[in-house]
Amino acid sequence: MSGPGPATLIRRGIAAEWTRTTGRSFLWTAAVPLTFVLPLVVTFGIAAVAERLASLPGQSYVATVSTTNSVYWVITLSVSVMMVTAAYAHATQWRGQTSDLNAFLFARSWTVALARWIYYGAITAISTVVLLVVVMVTLPHLFPQIYGAVDITDSAGIRFLWTVPSYAFAACGVGVAAGSLIRTPSAAVAVLLFWVYVAENSLNLLPHGYTLQAYAPFLNAVAATGQEVAFLPRFGRTGSLLYFVLVAVALFVLTAALPTLTRRISGYRRATPLTKSGTA
């Protein structure tokens, strides 16, 4: 008798993660609040200071901010918080009795990894959409001198509304991949933060560094959203977003799916000679 199919296991995995994180869990008491609070505090704090400086006597020139530079902290902070949360949650499953329980409930371990990607990715995507709307609608009304040109309905604003959630969802896949490969939660978080904030930004210091940096996944993804950055997307704006999604899928397959499939194939090959010898 065959067990449940992958689709059923993925649905069970999403339901299990929802049950596990319901209530006073780290996700809802720390991660999600930080996802909202950090970018809002930084964005509106900077906006308030800039607006105050612009209103001082003797200011003959005011550098206004366009839509393309209005949601930088949402892209930078919110996505990172939820990505490392996904990594931490997935790496935790390999510790103690949780590992045995997961192995018993989910024989195909890649299905629980994919379920976790979908679960955290959906939360992150929804959160970023809410933040984008709040920021782009509120800034021009509260700080008209500096942010009066911000408009959620212009081409840049509309682009943000689909590119940032797409980037956020894919980034959670990178987080799950890190949790699959580095099975110590704190180490997985540290590696991801180092990658995003240090490694990619420091590549230009290496020989041929600018050539290497052109393929940096996170820099390409941020530039692909439409955010103003001093970085030219290697594959064009939409192409670079697709590039990041492909990187996320490739990392997920290599770390979460491929090892499981390899073990299953090896187990099948070991079992086949025994079966043949038993029937001989």
Side-chain angles (χ1 to χ4, degrees), residues 31-48 50-51 63-86 117-118 120-175 196-197 200-201 216-249:
V32 171
L34 278 175
T35 298
F36 282 87
V37 171
L38 279 179
L40 289 178
V41 167
V42 175
T43 298
F44 288 108
I46 293 173
E51 191 80 2
T64 59
V65 176
S66 65
T67 306
T68 55
N69 207 30
S70 61
V71 294
Y72 175 76
W73 297 109
V74 174
I75 300 169
T76 304
L77 297 177
S78 297
V79 175
S80 294
V81 168
M82 289 304 296
M83 177 179 65
V84 299
T85 300
W117 182 0
I118 294 171
Y120 286 92
I123 293 173
T124 310
I126 293 170
S127 299
T128 54
V129 169
V130 173
L131 281 165
L132 291 169
V133 172
V134 169
V135 169
M136 288 191 287
V137 169
T138 306
L139 280 178
H141 290 89
L142 293 182
F143 312 102
Q145 284 187 273
I146 301 296
Y147 292 88
V150 174
D151 185 359
I152 194 174
T153 62
D154 66 15
S155 59
I158 292 171
R159 182 174 181 83
F160 279 141
L161 290 176
W162 69 268
T163 55
V164 177
S166 300
Y167 164 49
F169 186 91
C172 287
V174 177
V196 174
Y197 293 110
E200 289 198 358
N201 291 299
F218 286 95
L219 288 177
N220 271 282
V222 172
T225 62
Q227 168 64 39
E228 273 187 33
V229 289
F231 178 85
L232 185 64
R234 177 66 179 82
F235 306 100
R237 290 201 303 175
T238 303
S240 290
L241 182 61
L242 179 59
Y243 166 69
F244 181 79
V245 172
L246 292 176
V247 169
V249 171

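Start at 1 with the first residue, then count along the sequence.
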What pairs of donor and acceptor atoms, side-chain ones from residues 32-42 against any protein atom, are under 3.5 angstrom apart with sequence neighbours left out?
{"unit_1": "T35", "atom_1": "OG1", "unit_2": "A31", "atom_2": "O", "d": "2.8"}

Value rounded to 0.5 Å, distance of CG in D151 from OG in S66: 11.5 Å

Please collect all side chain to side chain donor-acceptor pair (under 3.5 Å) contacts where either partner lies in residues 69-82, sequence neighbours excluded, each pair once. N69-Q227, S80-Y197

Minimum heavy-atom separation for T67 and G157, please, with both atom names. CG2-N, 3.6 Å

Separation between CZ (F160) and OG1 (T128), nearest 0.5 Å, reads 12.0 Å

Provide the closest heavy-atom pair for Q145 versus E51 in the form atom of the first, atom of the second, distance. N-OE2, 3.1 Å

Between V74 and V79, is there a side-chain heavy-atom distance shorter than 4.5 Å? no

Taken to the nearest 0.5 Å, the spacing of L242 CG from T238 OG1 works out to 9.0 Å

Flag, side chain of E200 to backbone of L219, donor-acceptor distance under 3.5 Å: yes

Quick one: does S166's side chain get under 4.5 Å of L241's, heavy atoms only? yes

Where T85 and V81 come nearest, the two heavy atoms and their spacing: OG1-O, 2.7 Å

Here the pair of heavy atoms bringing R159 nearest to A224 is NH2-O, 2.9 Å

Do M83 and F218 have side-chain heavy atoms sitting under 4.5 Å apart? yes

Across all chains, not counting sequence neighbours, the side-chain hydrogen bond (donor to acceptor under 3.5 Å, both in side chains) partners of S240 are N220

Can you list the residues that meet the ring-ring contact (aromatic ring centres under 6.0 Å, His included) rule with Y167, with sequence neighbours excluded? F244

In residues 129-139, what donor-acceptor pairs under 3.5 Å come from side-chain atoms, sequence neighbours left out?
{"unit_1": "T138", "atom_1": "OG1", "unit_2": "V134", "atom_2": "O", "d": "2.6"}

Distance from F169 atom CZ to I123 atom CD1, nearest 0.5 Å? 11.0 Å

Nearest non-hydrogen partners of A223 and V229, listed with the distance: CB-CG2, 3.7 Å

Which residues pass the ring-ring contact (aromatic ring centres under 6.0 Å, His included) test with Y243, not counting sequence neighbours? F235

Any donor and acceptor pair, going by atom type alone, linking the side chain of W117 with main-chain N or O of A171 inside 3.5 Å? no

Would you say I146 and T64 make side-chain contact, with heavy atoms under 4.5 Å? no

